[in-house]
Amino acid sequence: MSGAKCLIGNWRFKSADEQYWLPAAVPGCVHTDLLTNERIAHPFYGTNEGDLQWIDKKDWEYSSVFDVPDDILTSSNVNLVFAGLDTYADVYLNEEKILSADNMFRAWRADVKRLLKAEGNTLRVYFRSPIQEDLPKLERLGYALPATNDQSERGGLGDNKLSVFARKAPYHYGWDWGPRFVTSGIWRDVWLEGWSRARIADVFIHQKEVTATAAKLTAAVEIESEGSWDGAIHLVTEGVDVIWMVKLEAGVNQIDVDVVVENPRLWWSRGLGEQYLYTFTATLVQGDAAVAQKSVRTGLRSVRLVRDEDAQGTSFYFELNGVPVFAKGANHIPNDSFLTDVSYERYKHEIVTAVESNMNMLRVWGGGFYENDDFYNLCDEYGLLVWQDFMFACSMYPGDEEFLKNVRMEAEENVTRLRNHPSIVLWCGNNEMDTAWSQYDEEGGWGWKQQYAPEIREKIWRDYEAIFHETLPQVVESFAPGADYWPSSPMQALTRDKDQHARNDSSVGDIHYWGVWHAVEPFSNYNVYLGRFMSEYGFQSFPELKTVQSYATDADMALESDVMRWHQRSGDGNRLIKEYMDIYFKQPKDFPSFLYMSQVLQAEAIKMAMEAHRRKKPYCMGTLYWQINDCWPVASWSSMDYYGRWKALQYYAKKSFRDVAVSIGGADGALEIHVISDVLEETKGNVHLQLFDFKGLLLKELTYTVQVKANTAQVVLSLPVDDLVATHNPNDVVLLVTLEQDGEVIDAKEHYFVPANQIALPLPSITAKPVEGGDGSSFVVETNVLAKSVWITSEFEGVFSDNHFDLIPGVPKTLQFLQRKPGEDAFSPAEPGPITIRSMAEFIVQ
Ligand code: BMA
């Protein structure tokens, strides 16, 4: 069979205006190579970022000298493939220019057969500074385009916001949680590919109709052939073995092979069934000889975004294999400012974190990049649905022909690369641009359109429509037929009038609710502003002390220190956390305590939102908080910090997202107990109410039987608070609500009758004892008086089966430590070593 591949290594790099070469890593980028060569200080430490802004003003060169293995050299076609070049690059092979790149999100392929020799080939990639390249584009355009998060001032560019001109990850230019590092480099693999006669360029498994009884598919096989000849495609997967005769012409051939998989094993998102994956292998044969082969993996499922009018507006939910799915999850940003530092293990840590937290969806947000294959492969394997944005966010973009063509190519390539992933259920045009511009609402939006003369304003909107209402939906329809496209998140519907744009109280489309945080509204508004699908909402916290110590010294440990302000990108965010804390919590006793309290504050806020959204099922059918991860160590909305350490919110998400959950709500003197079910069987069990004082005295106990239908949310109980608390002091009692099924505890939640800052917290003494006869990973914790937000830490990296929980005397809790060991399965049960157990009473001024 023809087809040989060899990676090109042995790279070195230098600044274009210097002479000395230094060793380089490919994939990589200039910043990481400078760091490895000890030419710069660590970009994430202290305020170092400020001193590294010169890097993006320069041109850089990468070069490799390589030999060519025989099997490639003797192939009749040899291609040089760059899976990713960041961004403006000219590539020379043996000093002949073979390609020019201008889009980080595209791959580049050149025919290099005639230029190659057996030994000593020189490959040189010249990167032009993205800043020098794009400044003239801004000048030529004659007006600035809005790009709210582009930190041009930090980059020494005044208000020249250039991010919109480059097809390059927008967050590289800074974001309200991220630093400004405008990288250059060869950020994905480079290889030589030799082939003779023909190669299979692509296999797309187009799922035309999938039911439990049959999956009707077309395998669309793209073949590049040297000449015209008769052959056959042999397509094999479980239950399918077909031979399809083909007549190939020289050049690119598109061949559709229709197949049916009878009684397919369907692919389900986590919680609803198995994540069964089929491998399809297409072999191109001539006579008895195999000429080329390609295997792809996919899961068989039917999925659609259901937007049907109903009594309250228009629905917005994903239906998977006929089942309406309530989406629980978060927004995902790039895991690093330097993308090639993200190992498979880090991806796995993130995906397993999402799965352990009972999520079933992540949104790949539009200010980052089209993720690596590893990310989507893991989502396929673990059953996480993916809401995939195209890479446009919080800005308006140019609309010249060249830019549009580049965008179209980028979209075609990425849809083609990703369309076999069963996890991807939506293609979304952009992040927040429809709402920010608000074309049809004169007063609406972020004040952008008002800055332009009428004809420029119309031009900017026309350019917007060309990309998001024409190019991108056309690409999705042609390259992933049947997949859903949503022009912008959030949005009500494509009406071309005022009703197009999302509002906080929309009953149509999706909502980003930022009243809490950006508009400083009270947490209780999470119960007020909720719509059909909550695709963003969030509240910030600090990472834990250990993480803060990775970028700050002891002298920096103050909310308003230079370093702490530097590692906070949402305006006066540090002060805002404190303002909210003053309202809801008692005073933390020192700065490390503030860090801890900020996490509990965030978790409590987002818990209110997550549960309010779930309780409103099926009116609301999705809740994705902002944001699961970080790209550097920073104060942000993330639930897991840059090092993958779970904040309190991650543990709260795990509890609030349980597939069958109990949730406590209510107003006006009534307490409502809700049971929320995302499973496909009825839940029959008991709800058990126990009122304790803080010493563990059981003051009242009530048990009710409950029956909750599959896939619904229901109020199972409503009780007057006065009857429950009766004559007891409300500052001094806690209600434990437990949901049991077949004698097993499904979920338990605590409820307090006064705001957190009025709870009379005693100082507890908490003990931990290993579970006897266990493997050392599990232990039981107990307390003598109520302990709030108990935080257990180990010296080892890892997570506990629960953390940041309340502990009631007489109600012991069994926990397990799951260690994160690079190279091994994420989260393996292990002995935690010496642990530290603390709770809120230790962190506050009593
Ligand atoms: C939304 C997101 C991001 C941003 C976040 C926090 O606007 O789409 O752009 O980081 O909120 O402000």
Side-chain angles (χ1 to χ4, degrees), residues 146-151 161 163-164 169-180 329-335 337 361-369 387-397 426 428-438 444-448 468 486-491 501-504 509-521 526 529 531 533-542 567-577 580 602 605-606 609 622-632 634-642 649:
T148 310
N149 290 286
D150 182 325
Q151 298 169 16
K161 299 198 185 297
S163 51
V164 296
Y171 84 108
H172 282 168
Y173 296 80
W175 214 266
D176 59 2
W177 35 258
R180 182 183 185 281
N331 286 268
H332 156 93
I333 63 166
N335 275 309
S337 291
M361 181 179 269
L362 290 176
R363 170 172 175 237
V364 178
W365 160 84
F369 71 114
W387 167 315
Q388 177 68 47
D389 284 2
F390 285 94
M391 293 304 130
F392 301 88
C394 303
S395 309
M396 295 304 272
Y397 289 83
L426 185 69
C428 172
N430 68 67
N431 177 67
E432 294 186 344
M433 290 163 56
D434 183 86
T435 195
W437 187 265
S438 277
W446 300 355
W448 290 357
F468 302 103
W486 184 238
S488 183
S489 178
M491 187 165 144
H501 314 304
R503 298 189 313 260
N504 280 347
D510 65 328
I511 295 179
H512 293 188
Y513 172 62
W514 281 103
V516 175
W517 188 262
H518 287 303
V520 205
E521 291 173 19
Y526 282 132
Y529 296 111
F533 195 104
M534 304 302 289
S535 36
E536 273 189 28
Y537 55 94
F539 190 86
Q540 279 206 357
S541 70
F542 276 78
H567 287 251
Q568 162 62 266
R569 293 299 159 91
S570 179
D572 232 350
N574 292 354
R575 194 186 40 79
L576 192 53
I577 296 175
Y580 272 103
Q602 174 196 34
I606 300 305
T623 179
L624 309 178
Y625 65 77
W626 182 268
Q627 70 206 61
I628 186 170
N629 56 340
D630 276 329
C631 71
W632 73 320
V634 64
S636 81
W637 299 269
S638 72
S639 52
M640 173 169 69
D641 74 26
Y642 172 71
L649 173 56

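Atoms within each ligand, like the ligands themselves, are counted from 1 in listed order. Since the structure is predicted, the reported quantities are computational estimates derived from the model, not experimental observations.
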Just need the protein heavy atom nearest to atom 6 (C) of ligand 1, so name the residue and atom and give the distance.
D176 OD2, 3.3 Å

Sequence neighbours excluded, which residues qualify as side-chain hydrogen bond (donor to acceptor under 3.5 Å, both in side chains) partners of W437?
Q439

Looking only at N/O atoms, are H512 and ligand 1 under 3.5 Å apart anywhere?
no

Applying the side chain to side chain contact (heavy atoms under 4.5 Å, CB included) criterion to N430, which one of S488, C394, S395 satisfies it?
S488

One finds that the ligand 1 atoms under 4.0 Å from a non-hydrogen atom of W514 are 1 (C), 5 (C), 6 (C), 11 (O)

Enumerate the atoms of ligand 1 whose separation from the nearest heavy atom of N431 is less than 4.0 angstrom.
2 (C), 8 (O), 9 (O)

In terms of ring plane angle, is the pair H518 and W637 parallel, tilted or perpendicular, where the classes change at 30° and 60°?
tilted

Which protein heavy atom lies closest to atom 2 (C) of ligand 1, and at what distance to 0.1 Å?
E536 OE1, 3.1 Å

Answer with side chain, backbone, both or neither: which part of W517 has a heavy atom less than 4.0 angstrom from an atom of ligand 1?
neither

Rounded to the nearest 0.5 Å, how far apart are CD1 of I606 and CH2 of W517?
10.5 Å

Numbered atoms and elements of ligand 1 in range of W177, under 4.0 angstrom, heavy atoms
10 (O)

Please list, chain by chain and in numerical order, all residues satisfying side-chain hydrogen bond (donor to acceptor under 3.5 Å, both in side chains) with S438, sequence neighbours excluded.
none

Counting heavy atoms under 4.0 Å, the part of H518 that contacts ligand 1 is side chain

Which atoms of ligand 1 sit under 4.0 Å from any heavy atom of C394?
9 (O)

Under 30°, 30 to 60°, or over 60°: which ring-plane class applies to W448 and W446, parallel, tilted or perpendicular?
perpendicular

Polar contacts were defined as any N/O atom of the residue lying under 3.5 Å from an N/O atom of the ligand; does this apply to W175 and ligand 1?
yes

Part of E432 with heavy atoms under 4.0 Å of ligand 1, whether side chain, backbone, both or neither:
side chain

Heavy atoms from other residues, nucleotides or ligands near OH of Y529 exceed 12 (cutoff 6.0 Å)
no

Looking at E432, E536, H512, which hits side chain to side chain donor-acceptor pair (under 3.5 Å) with S489?
H512

